[in-house]
Amino acid sequence: DRANYFGNLQKGVLPETLGRLPSGQQATTLLELMTIRAFHSKKLRRFSLGTAIGFRIRRGVLTDIPAILVFVARKVHRQWLSQFQCLPTALEGPGGVWCDVDVVEFSYFGAPAATPKEQLYTELADGMRGSDPIIGSGSQVASQETYGTLGAIVKSRTGNRQVGFLTNRHVAVDLDYPSQKMFHPLPPSLGPGVYLGAVERATSFITDDLWYGIFAGINPETFVRADGAFIPFADDLNMNNATTTVKGIGQIGNVHIIDLQSPVSSLIGRQVVKVGRSSGLTNGTIMAYALEYNDEKGICFFTDFLVVGENEQTFDLEGDSGSLILLMGQNEEKPLPVGIIWGGTANRGRLKLKVGRPPENWTSGVDLGRLLDLLELDLITNNEGLQAAVQDQRSASAAGIDSTVGESSPLVRVPSRDKLDENFEPINLNIQQVEGEPQQGLVLPIMGTKHRNEAAVNVEHQFIPSFNGKSSVHDHYQGENPESKSLSALRNGSDKDIYVSLQLGEPEPKRRKYS
């Protein structure tokens, strides 16, 4: 299907023009840029660490010229390059639609550098870490060993319409423990805290066609990082202590849905803000979308956002994983949720955007609208909606209990082993981070830790079973996945082919970490 898709579009690609700009229409939408890049990915990948789509950057400032950004280890004048090392100034796609090519230096460290475990000690940040009596977006959430940030309060579209919260999967899921429980601010073994709930559904990677609605790359092994987990609030949690208001920002609007048919300017260059448990309130700019990179096996990965902090300050610190990324409102509108942070590359490399200035940190984010659809969740944007959602959940639970009592038989039967297997799916959280653990993790100080087992990759989301029934999406993804089989075969294959790759993380022994 992928080959046919690009084969049919390839028929509309005009011959390359050298030494001058193409005469066709200049690309204006995200989709046009993604399509042009897909056709030329082999050429772009030859000398690059990765690519993204956005606007051309001049002297550290975004212009309004749509471009494919090509990340290289060292950017020099073309005078010092051979003809075969030079990238074209423009690329053409189907129907003669073309765009600029911009080269951006990525100062790559190679081996992971030690990253200081920083956190700010402002009144807002301290409140996120437990000194506030209220929990909400930006608050610290912790599993048995890892802690990160609560992204948003959400409700399920299925079952009993459970109310809970969204954060990163790598924050919430630890395969060394049989149950994936979350606490605020700390688990009882480490300090004061309350039980928030247990992970019900989570996701790590998904194929590009299911995420974007199109084939975004020509590589058969192409996946998008979708790092999310849904944790329903525990029944005994006092919901009066939860709020949808973001401290330091205020009320938020509805999710900003990213339409690939929309102009590049609808997303790139937009100012964003976030609140996290480590760095508190920070501001930044969306510099690029759909960052594409390849691992050493040639597997292609995408991550949605590339955000750079304001005034050369970092947009996030370790422990901010899961934080909600908000588009700044225009004309006094409420900030609009657009994504959640899943990682950064401060310990692997930095972007050099300005001549004469040091490289800058950058942050990776997941498209919130697509993640909510994948996990079958809706964002709750105000406290009135939160109260209504909690009441709906109670009503649905009560109706479910009444229905069970009315239909039950007076004869109590113990189900057989086979029957149990039909009713309850295995947790099936046997997943390996293909590019490794996000480097934004900090394991809590627990004695006697053991090394994490390596496991096979699973590319779709997992629903942790509950007694409330199974989701239709769960049934859809339970079948054997050809991409997963192919991915597994590729990982066990030969290392003869060498690929230049942009590393966003690497498996390592368990250590004390944030997420």
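All heavy atoms count here, side chains included; hydrogens, waters and symmetry mates do not. Just so you know, these numbers come straight off a predicted model, no measurement behind them. Each residue takes its place number in the sequence, starting with 1.
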| query | Looking at side-chain heavy atoms only, is the closest gap between Lys334 and Thr381 below 4.5 Å? | reply | no
| Is a side-chain donor-acceptor pair under 3.5 Å present for Thr245 with Gln251? | no
| field | Side-chain heavy-atom pair Val194, Asn241 within 4.5 angstrom cut-off | value | no
| remark: salt bridge (Lys or Arg N to Asp or Glu O under 4.0 Å) filter on Arg270, not counting sequence neighbours, yields none
| message | Between Arg370 and Asp373 (salt bridge meaning N to carboxylate O under 4.0 Å), is one present in this structure? | response | no
| Pro337 and Gly253: which non-hydrogen atoms are nearest, and at how many Å? | CD-O, 3.2 Å
| Are any non-hydrogen side-chain atoms of Ile286 and Leu327 less than 4.5 angstrom apart? | yes
| task | Decide yes or no on side chain to side chain contact (heavy atoms under 4.5 Å, CB included) for Asp126 and Tyr121, but give the supporting numbers first. | result | CA-CA 6 Å; Asp126 282 347; Tyr121 291 95; 3.8 Å; yes
| Nearest 0.5 Å, what's the OG-CG distance between Ser139 and Leu150? | 6.0 Å
| With distance as the sole test, does Asn382 use its side chain to make a donor-acceptor pair with the main-chain N or O of Gly385 at under 3.5 Å? | yes
| remark: side chain to side chain contact (heavy atoms under 4.5 Å, CB included) test vs Asn160 passes for just one of Pro232, Ser397, Ser395, namely Ser397
| message | Apply side chain to side chain contact (heavy atoms under 4.5 Å, CB included) to residues Trp211 and Leu371 and explain how you reach the verdict. | response | CA-CA 9 Å; Trp211 188 255; Leu371 182 60; 4.1 Å; yes
| request: Flag the pair Gln313 / Thr282 as yes when at least one side-chain heavy-atom distance between them is below 4.5 Å, and no otherwise. | output: no
| field | Pair listing, ring pair (Phe, Tyr, Trp, His ring centres under 6.0 Å) test, anchored in residues 180-202, at least two apart | value | Phe183-Tyr195
| note | CD (Gln140) and OG1 (Thr149) are apart, to the nearest 0.5 Å, by 7.5 Å
| request: Would you mind reporting whether Pro185 and Arg277 have side-chain heavy atoms less than 4.5 Å apart? | output: no
| query | When you look at CG of Asp235, are more than 12 heavy atoms from neighbouring residues, nucleotides or ligands closer to it than 6.0 Å? | reply | no
| request: Hey, could you give me the CG/OG1 distance between Leu386 and Thr243, rounded to the nearest 0.5 Å? | output: 7.5 Å
| said: Are more than 12 heavy atoms, taken from residues, nucleotides or ligands other than Met239, located less than 6.0 Å from that residue's CE atom? | reply: yes
| task | Could you tell me whether a side-chain N or O of Asn238 sits under 3.5 Å from a main-chain N or O of Asn240, the two making a donor and an acceptor? | result | yes
| query | How long is the gap from CZ on Phe223 to SG on Cys300, to the nearest 0.5 Å? | reply | 9.5 Å
| query | Is the closest side-chain heavy-atom distance between Leu30 and Ser262 below 4.5 Å? | reply | yes
| request: Dump the intermediate steps for side chain to side chain contact (heavy atoms under 4.5 Å, CB included) on Val390 and Phe233, then the final yes or no. | output: CA-CA 10 Å; Val390 170; Phe233 285 124; over 6 Å; no
| field | Side-chain donor-acceptor contact under 3.5 Å, Thr222 with Asp208 | value | no
| query | Out of curiosity, Asp320 CG to Trp342 CH2, how far, rounded to the nearest 0.5 Å? | reply | 15.0 Å
| Heavy-atom side-chain proximity of Asn283 to Val273 below 4.5 angstrom | yes
| query | Any side-chain heavy atom of Leu374 within less than 4.5 Å of one from Leu210? | reply | no
| task | Working to the nearest 0.5 Å, report the span between CD of Glu123 and OG of Ser131. | result | 7.5 Å
| query | Side chains of Arg225 and Thr303: donor-acceptor distance under 3.5 Å anywhere? | reply | no
| request: Classify the angle between the aromatic ring planes of Tyr289 and Tyr212 as parallel (below 30°), tilted (30 to 60°) or perpendicular (above 60°). | output: perpendicular
| Taking 4.0 angstrom as the limit, do Asp378 and Lys155 come out as a salt bridge? | no
| query | Listed by chain and number, what are the salt bridge (Lys or Arg N to Asp or Glu O under 4.0 Å) partners of Lys181, not counting sequence neighbours? | reply | none
| note | The single option from Leu368, Asp304, Asp367 that satisfies side chain to side chain contact (heavy atoms under 4.5 Å, CB included) with Ile258 is Asp367
